[in-house]
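Below: the structure, in structure tokens.
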Amino acid sequence: MLRDADKIDILKVNIIVPFEEIYNVTTYDLKHCKVTEEVMQAFFEEHAVLRNLKKTPVDYLVGHISLVYELVYPISRKLVYKQGYLDKLMNFQSELSETNAQFAKIQEKMTTYMELA
């Protein structure tokens, strides 16, 4: 239960603290990069994204979203849904249409996952 709580807290912190501060990047860099193919693949395979796969600032954001795949208890998933932090993370808006399309796919996949979990 403690590990689930830690993961939920990470999602919360990612909403409260600006991305730029968490990831130590500029707003420009964050909003002008794409999710790498390896990170997208891990996400769609329903794995937490390994640190060594993350290359771009938004890879780290997707990595935090993917922590939901490691939640063990159904009540944890319900809490994540109720708090709304996951939705806020998935609603990230890039300056690149390709990245926004990637996040639309991420949101669709995670919504389906949460409904089935």
Side-chain angles (χ1 to χ4, degrees):
M1 188 67 139
L2 187 58
R3 289 183 179 181
D4 276 12
D6 285 342
K7 290 174 182 74
I8 293 168
D9 193 48
I10 289 168
L11 298 176
K12 178 181 177 181
V13 167
N14 272 266
I15 294 304
I16 295 171
V17 179
F19 295 144
E20 295 85 349
E21 201 172 309
I22 293 172
Y23 304 121
N24 194 30
V25 297
T26 66
T27 301
Y28 182 88
D29 289 343
L30 182 65
K31 294 194 175 252
H32 289 89
C33 63
K34 301 173 194 165
V35 182
T36 59
E37 187 60 38
E38 297 84 5
V39 169
M40 288 294 284
Q41 182 177 346
F43 183 86
F44 278 89
E45 290 174 355
E46 299 181 2
H47 300 296
V49 177
L50 299 174
R51 184 171 295 189
N52 67 334
L53 295 178
K54 300 172 190 172
K55 307 290 187 247
T56 70
V58 289
D59 283 349
Y60 285 89
L61 178 55
V62 175
H64 283 125
I65 294 168
S66 75
L67 290 175
V68 172
Y69 293 135
E70 292 191 340
L71 295 174
V72 175
Y73 300 100
I75 190 70
S76 298
R77 289 187 290 276
K78 288 179 185 176
L79 186 60
V80 163
Y81 177 79
K82 182 180 177 182
Q83 289 177 338
Y85 300 129
L86 181 62
D87 282 335
K88 289 179 181 176
L89 288 173
M90 292 188 300
N91 284 325
F92 170 77
Q93 292 297 305
S94 174
E95 297 293 326
L96 303 177
S97 59
E98 183 177 340
T99 304
N100 288 332
Q102 288 175 309
F103 271 82
K105 290 177 184 177
I106 287 167
Q107 189 170 30
E108 182 180 331
K109 170 68 175 168
M110 186 55 74
T111 298
T112 301
Y113 176 82
M114 292 295 280
E115 289 171 355
L116 297 175

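Quantities reported herein were computed from a predicted structural model and do not represent experimental measurements.
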*asked:* Would the distance check show the side chain of Asn100 and the main-chain N or O of Ser94 forming a donor-acceptor pair, the cut-off being under 3.5 Å?
replied: yes

*Taking atom OG of Ser76 and atom CG of Leu71, what is their separation to the nearest 0.5 Å?*
5.5 Å

*Say you draw a straight line from CG of Leu30 to CG of Leu61; how long is it, rounded to the nearest 0.5 Å?*
7.0 Å

Show which side-chain atoms of residues 101-117 pair as donor or acceptor with protein atoms under 3.5 Å away, not counting sequence neighbours.
{"from": "Gln102", "atom 1": "OE1", "to": "Val35", "atom 2": "N", "distance (Å)": "2.9"}
{"from": "Gln102", "atom 1": "NE2", "to": "Val35", "atom 2": "O", "distance (Å)": "2.8"}
{"from": "Gln107", "atom 1": "NE2", "to": "Asn91", "atom 2": "OD1", "distance (Å)": "3.2"}
{"from": "Lys109", "atom 1": "NZ", "to": "Glu46", "atom 2": "OE2", "distance (Å)": "2.7"}
{"from": "Thr111", "atom 1": "OG1", "to": "Gln107", "atom 2": "O", "distance (Å)": "2.7"}
{"from": "Thr112", "atom 1": "OG1", "to": "Glu108", "atom 2": "O", "distance (Å)": "3.1"}

*Provide the closest heavy-atom pair for Leu96 versus Cys33 in the form atom of the first, atom of the second, distance.*
CD1-N, 3.6 Å

*asked:* Just to verify, what does Tyr60 make a side-chain contact (heavy atoms from CB on, under 4.5 Å) with, not counting sequence neighbours?
replied: Tyr23, Lys54

_Run the side-chain contact (heavy atoms from CB on, under 4.5 Å) test against Glu37 and tell me which residues pass, sequence neighbours left out._
none

*Least distance between heavy atoms, Leu53 atom then Val39 atom*: O-CG2, 3.6 Å

*asked:* According to side chain to side chain donor-acceptor pair (under 3.5 Å), does anything in residues 24-36 pair up with another residue at least two apart or in another chain? List the pairs.
replied: Glu20-Thr27, Thr26-Asp29, Lys34-Glu98, Thr36-Asp59

_Cluster overlap Tyr81 with Ile65, hydrophobic side-chain contacts below 4.5 Å_ = yes

*Which residues pass the side-chain contact (heavy atoms from CB on, under 4.5 Å) test with Ile15, sequence neighbours left out?*
Tyr85, Lys88, Leu89

*If two hydrophobic side chains count as joined below 4.5 Å and joins carry through other members, does Val49 share a cluster with Met40?*
yes

*Is Val68 linked to Leu50 within one hydrophobic cluster, defined over Ile, Leu, Val, Met, Phe, Trp and Tyr using a side-chain heavy-atom separation of less than 4.5 Å?*
yes

*Hydrophobic cluster mates of Ile75, side-chain heavy atoms under 4.5 angstrom, ILVMFWY only, any path?*
Met1, Val72, Tyr73

_side chain to side chain donor-acceptor pair (under 3.5 Å) against Thr99, all qualifying residues, sequence neighbours excluded_ = none

Side chains of residues 5-13: which donor-acceptor pairs under 3.5 Å do they make with residues two or more places apart or in other chains?
none

_Just verifying a value: how many Å separate Lys55 NZ and Glu38 CD, rounded to the nearest 0.5 Å?_
7.0 Å

*Would one find more than 12 heavy atoms of other residues, nucleotides or ligands at under 6.0 Å from atom OH of Tyr69?*
yes

